[in-house]
Colleague: 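So that we are looking at the same thing, I have put the structure below in structure tokens.
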Amino acid sequence: MDKKQEICAFDFDGTLTKGDTFMPFLYAMHGRRRVWSEMVKYLPMLVLMKLRLYPNGKAKEKVFGNFCAKMEEAKFDWFCDRFANMHADIMRPEGMEAVRRAVESGATVIVVTASIDKWVRPFFKEFGNKVTVLGTRLEFRNDETTGRFDGKNCYGPEKARRILELFPDRQSYRLTAYGDSRGDREMLTMADVAHHKPFRR
């Protein structure tokens with residue numbers, strides 16, 4: 001019997017990182033003062049989101065669009081690279097070592113995240129094309145962000161769907177998944193081996 005392909009799927013925020021990266025990324029772009037002065041108008045929506053009465057993805061899209069709409073793609077990419085360079089210490093050393101071991105073992109390594117794929121990729125540049133990032137995608141028109149997402153927020157069921165979209169023959173591979181929140185539930189459930197809240201001392 002042929003040996004199955006090994007696929008390792010890692011969540012990003014809270015699993016490979018020590019915390020969420022959405023607000024830190026906005027701070028890096030615009031500064032804390034401006035971000036919080038703008039966030040006040042979204043507080044009712046964010047409260048509803050926490051109560052699960054407003055979709056997580058829609059809330060994130062509205063906030064993101066407020067700060068990033070009409071930005072040139074090249075400028076946004078520059079902010080993404082700078083963010084990764086300035087915040088390398090947000091990564092959990094044990095998590096990055098697990099990614100490194102998976103790559104060296106010959107496994108197919110994917111990072112599946114609700115964060116914007118463009119600011120996640122630079123954290124893995126040392127691995128070149130050996131780590132694939134499946135994240136929330138931005139919509140661009142005329143080389144500018146529209147402030148909207150291209151497709152769904154990569155969260156919950158969408159994580160599992162994106163994995164199956166890339167690797168549809170589920171019986172042909174062994175999936176090991178790492179996650180830390182309800183947004184990873186479906187990905188962990190579909191895995192052959194699931195690690196919940198790993199890399200914590």
Side-chain angles (χ1 to χ4, degrees), residues 7-30 55-88 90-92 95-96 98-99 102-103 107-168 175 177-181 183-184 186-188:
I7 297 178
C8 293
F10 295 87
D11 168 56
F12 186 66
D13 293 82
T15 299
L16 291 179
T17 74
K18 299 169 186 175
D20 190 75
T21 57
F22 185 76
M23 293 300 290
F25 181 76
L26 295 183
Y27 296 154
M29 293 182 75
H30 300 293
N56 175 290
K58 288 293 183 184
K60 186 167 74 172
E61 186 177 43
K62 284 181 179 293
V63 172
F64 183 84
N66 182 79
F67 291 102
C68 300
K70 299 295 183 183
M71 180 178 290
E72 291 182 358
E73 185 171 8
K75 184 176 181 180
F76 186 82
D77 288 345
W78 180 84
F79 274 118
C80 293
D81 287 335
R82 189 181 72 156
F83 179 66
N85 290 334
M86 292 176 62
H87 293 81
I90 201 173
M91 305 303 293
R92 295 183 188 273
M96 289 300 283
V99 171
V103 168
T108 298
V109 180
I110 55 177
V111 176
V112 193
T113 175
S115 284
I116 304 301
D117 55 4
K118 278 179 169 284
W119 80 57
V120 174
R121 285 194 189 100
F123 284 95
F124 301 94
K125 59 186 177 183
E126 67 177 280
F127 301 108
N129 62 4
K130 294 181 179 179
V131 172
T132 298
V133 175
L134 303 178
T136 301
R137 297 178 295 239
L138 298 183
E139 180 182 76
F140 289 92
R141 288 184 184 172
N142 300 319
D143 297 322
E144 289 183 341
T145 63
T146 65
R148 295 186 294 271
F149 295 158
D150 179 10
K152 293 183 178 180
N153 184 38
C154 191
Y155 178 90
E158 182 66 9
K159 288 194 173 190
R161 192 197 70 79
R162 293 282 296 277
I163 293 172
L164 291 172
E165 180 181 55
L166 191 61
F167 305 103
L175 178 65
Y178 302 80
D180 77 307
S181 72
D184 304 311
E186 289 80 3
M187 179 175 74
L188 293 173

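Side chains are part of it too, since the values below use all heavy atoms of this structure and drop only hydrogens, waters and symmetry mates. We count residues from 1, following the sequence as given. Note that this is a predicted model, so its numbers are computed, not measured.
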Colleague: May I ask you to test the Asn85-Pro122 pair for a side-chain heavy-atom distance under 4.5 Å?
Modeller: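 A side-chain contact under 4.5 Å is absent here.
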Colleague: Identify whether the distance between the nearest side-chain nitrogen and carboxylate oxygen of Lys118 and Glu73 falls below 4.0 Å.
Modeller: yes
Colleague: Taking Lys159 first and then Asp11, would you say they form a salt bridge - that is, a charged N and a carboxylate O separated by under 4.0 Å?
Modeller: yes
Colleague: Measuring from Thr145:OG1 to Phe140:CZ, what's the distance to the nearest 0.5 Å?
Modeller: 6.0 Å
Colleague: Picking from Phe67, Phe64, Phe79, Phe76, what satisfies ring pair (Phe, Tyr, Trp, His ring centres under 6.0 Å) with Phe25?
Modeller: Phe76
Colleague: If we only count heavy atoms from C-beta on, is the Leu16 to Phe124 side-chain gap below 4.5 Å?
Modeller: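 In contact.
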Colleague: Specify the closest pair of heavy atoms between Thr146 and Ala69, including all atoms of both residues, with the distance to one decimal.
Modeller: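 For Thr146 versus Ala69, the nearest heavy atoms are O-CB, 3.9 Å.
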Colleague: Is it true that atom NZ of Lys18 has more than 12 heavy atoms of other residues, nucleotides or ligands lying nearer than 6.0 Å?
Modeller: yes
Colleague: Would you confirm whether Arg137, through its side chain, and Asp117, through its main-chain N or O, come within 3.5 Å as a donor-acceptor pair?
Modeller: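 No; judged by distance alone, with no hydrogens or angles, the pair does not exist.
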Colleague: Would you say Asp20's side chain and Phe22's backbone share a donor-acceptor pair under 3.5 angstrom?
Modeller: yes
Colleague: For the CD1 atom of Ile116 and the OG1 atom of Thr113, what is their distance to the nearest 0.5 Å?
Modeller: 8.5 Å
Colleague: Measure the CD1-CD distance between Ile163 and Glu158 for me, rounded to the nearest 0.5 Å.
Modeller: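 So the CD1 of Ile163 and the CD of Glu158 are separated by 10.5 Å.
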Colleague: Once you round to the nearest 0.5 Å, how far does CE of Met91 lie from OG1 of Thr15?
Modeller: 10.0 Å
Colleague: Find the distance between CG (Asp77) and CH2 (Trp119) and round it off to the nearest 0.5 Å.
Modeller: 13.0 Å
Colleague: Might you work through the side chain to side chain contact (heavy atoms under 4.5 Å, CB included) test for Met96 and Phe10, ending with a clear yes or no?
Modeller: CA-CA 10 Å; Met96 289 300 283; Phe10 295 87; over 6 Å; no
Colleague: Assess whether atom CD of Glu126 is packed by more than 12 heavy atoms of other residues, nucleotides or ligands within 6.0 Å.
Modeller: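 Yes, the 6.0 Å shell around CD holds more than 12 heavy atoms from other groups.
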Colleague: Just wondering, do Val133 and Phe12 contact through their side chains at under 4.5 Å, heavy atoms?
Modeller: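 Sidechains of Val133 and Phe12: no contact.
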Colleague: Can you tell me how far CZ of Arg141 sits from CZ of Arg148, rounded to the nearest 0.5 angstrom?
Modeller: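 Here the interatomic distance stands at 5.0 Å.
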Colleague: Looking only at non-hydrogen atoms, find the nearest pair between Leu26 and Val63 and report the distance.
Modeller: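 Looking at all heavy atoms of both residues, the closest pair is CD1-CG1, 4.1 Å.
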Colleague: Check Ala28 against Phe83 and note the closest heavy-atom contact, atom names and distance.
Modeller: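 Answer, listing the atom of Ala28 first, then Phe83: CB-CD1, 3.9 Å.
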Colleague: Do Phe167 and Thr108 have side-chain heavy atoms sitting under 4.5 Å apart?
Modeller: yes
Colleague: So which heavy atom on Ala9 is nearest to which on Val112, and how close?
Modeller: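 Nearest heavy atoms, Ala9 then Val112: CB-CG2, 4.2 Å.
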Colleague: Around atom CG of Asp81, are there more than 12 heavy atoms from other residues, nucleotides or ligands closer than 6.0 Å?
Modeller: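 Correct, the count exceeds 12.
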Colleague: Compare every heavy atom of Asp180 with every heavy atom of Asp13, then report the nearest pair and how far apart it is.
Modeller: O-OD1, 3.3 Å
Colleague: With heavy-atom distances below 4.5 Å as the criterion, would you say the side chains of Met29 and Met71 are in contact?
Modeller: yes
Colleague: So, for Glu186 and Ala160, which heavy atoms are closest and what is the spacing to 0.1 Å?
Modeller: CB-CB, 4.1 Å
Colleague: Are any of the side-chain heavy atoms of Thr136 and Lys60 separated by less than 4.5 Å?
Modeller: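 Contact flag for Thr136/Lys60 side chains = yes.
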